[in-house]
Amino acid sequence: MKQYKKADVDIISVQQLPSGQTEILYQPILDSLYYSPGATVREDAGRQKVSFVRCGIKKDCAVDVIAQESERGQVKIVLPSPPENIDLVFSDGEVRLPK
């Protein structure tokens, strides 16, 4: 299982749902050999550390949150935490979601 680099994922939108969950719409780099089946999530000091999984096209990769395909190569995940408690973890660093 691999992780994406920051530059390889465009965060299209982050939306807090009425339920308190967070919906993240993103677009991984278009690649004929890999896809994003979802994300892994771990907790660290009260924050959700979310890593988008980069999986070989002919493989099944374990994820904690399954992505739903959207339009134009975009995918969506829904996380149980509000946006202010989420960090996106990439192979080359972390990004805190805006409040």
Side-chain angles (χ1 to χ4, degrees):
M1 177 177 65
K2 298 182 178 190
Q3 286 181 299
Y4 287 94
K5 293 180 181 178
K6 288 184 222 176
D8 292 343
V9 176
D10 287 329
I11 304 300
I12 308 300
S13 67
V14 176
Q15 178 180 1
Q16 185 166 0
L17 303 175
S19 63
Q21 297 175 310
T22 299
E23 178 185 279
I24 301 174
L25 181 65
Y26 66 101
Q27 183 164 0
I29 188 172
L30 295 177
D31 190 340
S32 61
L33 298 177
Y34 294 91
Y35 73 106
S36 179
T40 59
V41 181
R42 66 180 169 82
E43 183 147 343
D44 185 12
R47 300 193 58 77
Q48 296 291 304
K49 303 289 186 172
V50 178
S51 300
F52 299 116
V53 174
R54 185 173 188 234
C55 187
I57 199 77
K58 294 187 179 198
K59 296 188 178 192
D60 288 325
C61 296
V63 294
D64 298 318
V65 180
I66 297 172
Q68 299 171 341
E69 288 190 36
S70 190
E71 54 191 50
R72 298 184 305 270
Q74 298 173 354
V75 283
K76 168 175 62 174
I77 60 171
V78 177
L79 302 165
S81 300
E84 60 268 13
N85 293 340
I86 298 172
D87 296 326
L88 302 179
V89 180
F90 299 95
S91 63
D92 58 348
E94 289 188 17
V95 175
R96 185 172 281 204
L97 284 184
K99 292 183 181 181

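Because the structure is a prediction, the values reported are computed rather than measured.
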Asker: Output a table of donor-acceptor pairs, distance under 3.5 Å, between side-chain atoms of residues 60-74 and any protein atom two or more places apart or on a different chain; print 'none' if there are none.
Answerer:
residue : atom : partner : partner atom : Å
Asp64   : OD2  : Val41   : N            : 2.7

Asker: For residues Pro28 and Val75, determine if any side-chain heavy atom of one lies less than 4.5 Å from a side-chain heavy atom of the other.
Answerer: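 When only atoms from C-beta onward are counted, Val75 and Pro28 do touch, with a gap below 4.5 Å.
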
Asker: Take Lys58 and Leu33, measure what side-chain contact (heavy atoms from CB on, under 4.5 Å) needs, and give me the verdict at the end.
Answerer: CA-CA 8 Å; Lys58 294 187 179 198; Leu33 298 177; over 6 Å; no

Asker: If you look only at pairs with a residue in residues 53-90, which of them pass as a ring-ring contact (aromatic ring centres under 6.0 Å, His included), with sequence neighbours excluded?
Answerer: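 Checked against ring-ring contact (aromatic ring centres under 6.0 Å, His included) - neighbours excluded - no pair reaches residues 53-90.
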
Asker: Applying the side chain to side chain contact (heavy atoms under 4.5 Å, CB included) criterion to Lys49, which one of Thr40, Leu88, Asp44, Ile86 satisfies it?
Answerer: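 Exactly one candidate clears the test, Asp44.
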
Asker: How long is the gap from CG on Asp87 to CZ on Arg47, to the nearest 0.5 Å?
Answerer: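 Here the rounded value is 4.0 Å.
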
Asker: List the residues meeting side-chain hydrogen bond (donor to acceptor under 3.5 Å, both in side chains) with Arg42, not counting sequence neighbours, and say none if there are none.
Answerer: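 Once residues adjacent in sequence are excluded, Arg42 has no partner under the side-chain hydrogen bond (donor to acceptor under 3.5 Å, both in side chains) criterion.
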
Asker: Does the pair Lys5/Asp92 count as a salt bridge with the N-to-O cut at 4.0 Å?
Answerer: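 Here Lys5 does not pair with Asp92 in a salt bridge, since their nearest N and O are not under 4.0 Å apart.
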
Asker: Hydrophobic cluster mates of Val89, side-chain heavy atoms under 4.5 angstrom, ILVMFWY only, any path?
Answerer: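 None; Val89 is a cluster of one.
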
Asker: Using a 3.5 Å cut-off and no angle test, enumerate the donor-acceptor pairs between side-chain atoms of residues 11-23 and protein atoms at least two apart in sequence or in another chain.
Answerer:
residue : atom : partner : partner atom : Å
Ser19   : OG   : Gln21   : N            : 3.4
Ser19   : OG   : Gln21   : OE1          : 3.1
Thr22   : OG1  : Ser81   : O            : 2.5

Asker: What pairs meet the ring-ring contact (aromatic ring centres under 6.0 Å, His included) rule with one or both residues in residues 10-52, with sequence neighbours excluded?
Answerer: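 As it turns out, the ring-ring contact (aromatic ring centres under 6.0 Å, His included) pairs with a partner in residues 10-52, which skip direct neighbours, are Tyr26-Phe52.
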
Asker: Hydrophobic clusters here meaning ILVMFWY residues chained together by side-chain heavy-atom distances under 4.5 Å, can you tell me if Leu25 and Val95 are in one?
Answerer: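 Different clusters.
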
Asker: For side-chain contact (heavy atoms from CB on, under 4.5 Å), just list the numbers for Ser91 and Tyr4, CA-CA rounded to whole Å, side-chain angles, deciding distance to a tenth of an Å, and then say yes or no.
Answerer: CA-CA 6 Å; Ser91 63; Tyr4 287 94; over 6 Å; no

